[in-house]
Amino acid sequence: MRLATWNVNSVKARLPRLLEWLAEAGPDVLCLQETKCPADGFPAAEVGELGYETAAHGDGRWNGVAILSKVGLEDVTRGFPGEPGYRGESEEPTLLDDAGALPPPPPEPRAIGATCGGVRIWSLYVPNGRTPDSAHYAYKLDWFAALRTALTDELAEHPSLVATGDFNVAPTDSDVWDPAVFVGSTHVTPAERKALTDLLSVGFHDVVPKPMKGPNPFTYWDYRAGMFHKDQGMRIDLFYASTPVAERVESAYIDREARKGKGPSDHAPVVVDLS
DNA sequence: ATGTCGGCCTTGGGCCGA
């Protein structure tokens, strides 16, 4: 069974590349992030022509996740219990609850889970964090903590569990093209990396994919300044597999061909083959 | 690194988010 994850940076803008890639790579399950479209705007008919069922989660112009599957798509869950939302710093209180407190902000569409071919799989788009001193960064860490709790419960129910997507954290210094450039930036701070190891400690294994060229397993390269061609990238798209799934991993690779050519996403797909 | 994308509206240019 072939599983994959890909931050497509708008499913509408990427539709020709997505259809081309699905036909060529033929994953059984594809997790998508940054679809940037409402659930009812997802091109389900187009991917359906290639044999995929769709479960999408989205509410507007930002974020958005989805799962495509050729091997069944059951028990779809949008969001997870305890998932925090983002409260903007300048947001004015409108309706207070009986205790005079602000109601919690609604979660953003960043997580969707489903059972496909006997594997419980989550497509995740972790908040970016922007800068370590911002409210967005605190939100990112809160989101990770809530995710860890939710996946602990998921694992108890589903031994074959995958959590994959755009984690917006580079696990180690060798997962960024130049650690010196990232000093003081988000994606590499100790607190973010601890969020990853805390998540792994629940019972996951980091399936590191093979780069098809060069030594670096990068999955993302900024559009600017020819960074892809200089291999100035990061590994931030991760594939966390529970032990029963990790034991079935035959190979894993980064499809850097999908980052080339006309109209690519700034992320490449990560492909994992299971026995 | 701030060199490019994508989405949206205040639309053929500017702003936000990454």
Side-chain angles (χ1 to χ4, degrees), chain A residues 5-21 31-43 46 56-66 84-91 105-111 123-144 165-170 173 175-189 192 195 216 218-238 256-270:
Chain A
T5 186
W6 193 10
N7 178 324
V8 286
N9 186 18
S10 170
V11 72
K12 190 177 284 185
R14 214 64 57 214
L15 188 57
R17 295 291 300 251
L18 172 63
L19 296 175
E20 174 188 36
W21 189 79
C31 293
L32 296 170
Q33 301 86 37
E34 281 205 89
T35 56
K36 293 185 174 177
C37 77
D40 62 8
F42 194 95
E46 288 86 341
H57 184 30
D59 62 11
R61 62 195 287 201
W62 307 121
N63 313 309
V65 287
Y86 178 73
R87 177 160 359 249
E89 290 150 327
S90 62
E91 189 177 321
E108 298 173 314
R110 295 181 175 277
S123 177
L124 305 169
Y125 178 50
V126 177
N128 176 285
R130 300 194 187 181
T131 58
D133 61 353
S134 73
H136 293 272
Y137 179 85
Y139 166 51
K140 181 180 193 175
L141 295 180
D142 288 347
W143 199 90
F144 263 124
D166 180 355
F167 283 50
N168 269 317
V169 181
D173 276 355
D175 294 309
V176 299
W177 62 275
D178 182 0
V181 169
F182 291 89
V183 171
S185 299
T186 185
H187 293 56
V188 300
T189 64
E192 289 167 283
N216 304 308
F218 299 154
T219 63
Y220 160 81
W221 302 260
D222 196 294
Y223 284 121
R224 290 170 283 193
M227 292 180 73
F228 174 66
H229 301 285
K230 293 183 269 188
D231 201 23
Q232 296 178 340
M234 311 174 79
R235 182 170 77 99
I236 56 175
D237 299 274
L238 307 181
R256 68 189 302 281
E257 296 298 314
R259 181 63 179 76
K260 298 180 180 177
K262 185 176 165 59
S265 170
D266 43 0
H267 295 249
V270 173

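Numbers restart at 1 for each chain; the letters A, B, ... are given by sequence-line order, proteins then strands. No hydrogens, no waters, no symmetry mates; every other heavy atom, side chains included, goes into these values. Because the structure is predicted, anything quoted here is derived from the model rather than measured.
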Expressed as a whole number of Å, how far does the [atom1] atom of [N] sit from that of [M]?
{"N": "dG3(B)", "M": "dG14(B)", "atom1": "P", "value": "15 Å"}
{"N": "dG7(B)", "M": "dT2(B)", "atom1": "P", "value": "25 Å"}
{"N": "dT10(B)", "M": "dG6(B)", "atom1": "P", "value": "22 Å"}
{"N": "dA1(B)", "M": "dC15(B)", "atom1": "P", "value": "25 Å"}

Checklist entry - For E46(A), what residues pass the salt bridge (Lys or Arg N to Asp or Glu O under 4.0 Å) criterion, not counting sequence neighbours? => result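 Residues passing salt bridge (Lys or Arg N to Asp or Glu O under 4.0 Å) with E46(A): none at all.
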Contacts of type side chain to side chain contact (heavy atoms under 4.5 Å, CB included), residue [X], not counting sequence neighbours:
{"X": "P107(A)", "answer": "E83(A)"}
{"X": "D222(A)", "answer": "Y220(A), R224(A), M227(A)"}
{"X": "S10(A)", "answer": "K12(A), A13(A), K36(A)"}

Checklist entry - Any idea which heavy atoms bring V126(A) and W143(A) closest together, and the distance? => result CG2-CZ3, 3.6 Å
Checklist outcome for this item: The residue, M227(A) or R14(A), whose nearest nucleotide of DNA chain B is more 5′ is M227(A)
For [X] and [N], give me the distance from atom [atom1] to atom [atom2], rounded to whole Å.
{"X": "F182(A)", "N": "dT2(B)", "atom1": "CZ", "atom2": "P", "value": "13 Å"}
{"X": "R17(A)", "N": "dG6(B)", "atom1": "CZ", "atom2": "C1'", "value": "15 Å"}
{"X": "F228(A)", "N": "dC5(B)", "atom1": "CZ", "atom2": "P", "value": "13 Å"}

Checklist entry - Mind checking what makes side-chain hydrogen bond (donor to acceptor under 3.5 Å, both in side chains) contact with D59(A), not counting sequence neighbours? => result none
Next on the checklist: Generate the contact string for nucleotides 7-18 of chain B. Rules: B means base contact, S means sugar-phosphate contact only, - means no protein heavy atom under 4.0 Å.
Outcome noted: BS-------BSS
